[in-house]
2 protein chains.
Amino acid sequence: MDTAKIKRLESAGWQVGSASDFLDLSEEETAFIDLKLALSKRLKELRTAQQISQKELAKNIKSSQSRVAKMEACDPSVSLDLIIKTLFVLGATNQDIATAIIR
Amino acid sequence: MDTAKIKRLESAGWQVGSASDFLDLSEEETAFIDLKLALSKRLKELRTAQQISQKELAKNIKSSQSRVAKMEACDPSVSLDLIIKTLFVLGATNQDIATAIIR
DNA sequence: TGTTAATATGTCATATCTGATATATTAACA
DNA sequence: TGTTAATATATCAGATATGACATATTAACA
């Protein structure tokens with residue numbers, strides 16, 4: 001199993017609040033993943049609330065359905081840049097993003 | 001003059017509040033740059049408050065002085081990922097980051 | 001069950017970001 | 001003025017993220 005897959009599983013694990021030690025990450029690294037996770041979660045919330053398919057959103061951001069799926073799965077191959085840009089396309093405000101981060 | 005340089009100048013321009021139309025960016029693109037700018041500004045604030053040189057910070061994040069300088073200049077070649085990771089190394093909390101974004 | 005739309009996962013060539021390095025500029029002080 | 005530390009800027013080879021595509025899985029319904 002490759003690192004990407006492990007990280008993806010780890011992310012899923014954190015998402016539901018379980019503890020795990022496949023990887024030993026520094027405090028800064030986990031903080032970063034948590035932040036990314038919170039935003040990818042918000043991304044999915046906004047998309048589903050707007051009843052848009054991943055394919056449709058992909059078109060709006062000039063990307064592909066698979067990349068949207070990866071964003072929502074918080075795949076390690078997606079950057080925070082892409083997630084944030086997509087949030088703005090979904091109509092998120094700075095306040096939305098800030099709230100998603102602290103919540 | 002290349003795009004990177006123009007964008008850098010643009011960023012500096014926005015930072016001091018001037019209007020410009022070298023580039024015509026969409027609302028989402030300007031929102032993204034504004035957010036990045038706010039965070040790079042906060043990064044510099046945290047570093048200077050801690051009286052750390054760019055060189056020292058670079059060592060802490062295993063990068064180089066020049067990259068730190070580019071982060072603080074909000075150079076288009078730096079990712080949001082790198083800026084956020086660095087903020088965490090500087091001891092920023094999610095609340096700090098959220099505040100920097102909405103302020 | 002089959003059909004269909006939505007979503008998930010794997011892979012890859014290309015684009016973009018990376019740390020490193022060199023060098024320029026700036027600021028503070030003798 | 002010179003010297004020094006800090007910061008800024010330019011460039012580049014290697015690393016990582018990208019959209020695209022193929023294919024698998026899931027869910028809802030006939």
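Quick note: numbers below take in every heavy atom, side chains included, and nothing from hydrogens, waters or symmetry partners. Each chain gets a letter, A, B and so on, in the order its sequence line appears, and its residues count up from 1.
A straight line from CE of B:M71 to C1' of C:dT18 spans 11 Å, rounded to a whole angstrom. What separates CG of A:D81 from P of D:dT16 is a distance of 16 Å, to the nearest Å. Across the protein-nucleic acid pair, A:D75 atom CG and D:dA20 atom P stand 17 Å apart, rounded to whole Å.
By the criterion of side-chain heavy atoms lying less than 4.5 angstrom apart, applied directly or through intervening Ile, Leu, Val, Met, Phe, Trp or Tyr residues, B:I52 is grouped together with B:I84 in one hydrophobic cluster.
Between A:I61 and B:E28 the shortest side-chain heavy-atom distance does not fall below 4.5 Å. B:N94 has its side chain out of reach of A:D34: every pair of non-hydrogen atoms, C-beta onward, lies at least 4.5 Å apart. Residues A:L39 and A:L43 have side chains not in contact (no heavy-atom distance under 4.5 Å, counting atoms from C-beta outward). Put simply, the side chain of A:R67 reaches to within 4.5 Å of the side chain of A:S77, judged on heavy atoms.
Between B:S79 atom OG and B:M71 atom CE the span is 8.5 Å, to the nearest 0.5 Å. Taking CD of A:E27 as the start and CZ of B:F88 as the end, the distance is 10.5 Å to the nearest 0.5 Å. The distance from atom NZ of B:K44 to atom SG of B:C74, rounded to the nearest 0.5 Å, is 12.5 Å.
Near DNA chain C, meaning a heavy atom under 4.0 Å from it, residues 43-63 of chain A has A:K44, A:R47, A:S53, A:Q54 in order of number. Of the residues in residues 82-92 of chain B, not one comes within less than 4.0 Å of DNA chain D through any heavy atom.
No engagement by A:V68 is indicated, since no non-hydrogen atom pair under 4.0 Å with the nucleic acid exists. B:S77 comes within 4.0 angstrom of a nucleotide base, judged by non-hydrogen atoms across all strands.
One end of the helix from C:dT1-D:dA30 to C:dA30-D:dT1 points its axis 40° away from the other end's axis, with each axis taken from 5 pairs and the angle rounded to 10°.
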Under the criterion salt bridge (charged side-chain N to carboxylate O under 4.0 Å, His left out), I'd like the reasoning laid out for A:K59 against A:E56: C-alpha separation, chi angles, the key distance, then a yes or no. CA-CA 5 Å; A:K59 202 187 63 183; A:E56 223 171 325; over 6 Å; no
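Distances shown here put a side-chain N or O of A:S79 below 4.0 Å from the OP1 or OP2 atom of D:dT18.
In plain terms, the two heavy atoms of A:A38 and A:A100 that are nearest each other are CB-O, 3.5 Å.
Applying the side-chain hydrogen bond (donor to acceptor under 3.5 Å, both in side chains) rule to A:Q50 yields no partners; only residues at least two apart in sequence or on another chain are considered.
For A:K36 (side chain) and A:I83 (main-chain N/O), no donor-acceptor pair under 3.5 Å exists by modelled atom type.
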Contacts under 3.5 Å, N or O only, protein and nucleotides 21-30 of chain D:
unit_1, atom_1, unit_2, atom_2, d
D:dC21, N4, A:S66, OG, 2.5

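Here side-chain hydrogen bond (donor to acceptor under 3.5 Å, both in side chains) pairs that include residues 82-93 of chain A, with residues two or more places apart or in two chains, are A:T93-A:D96.
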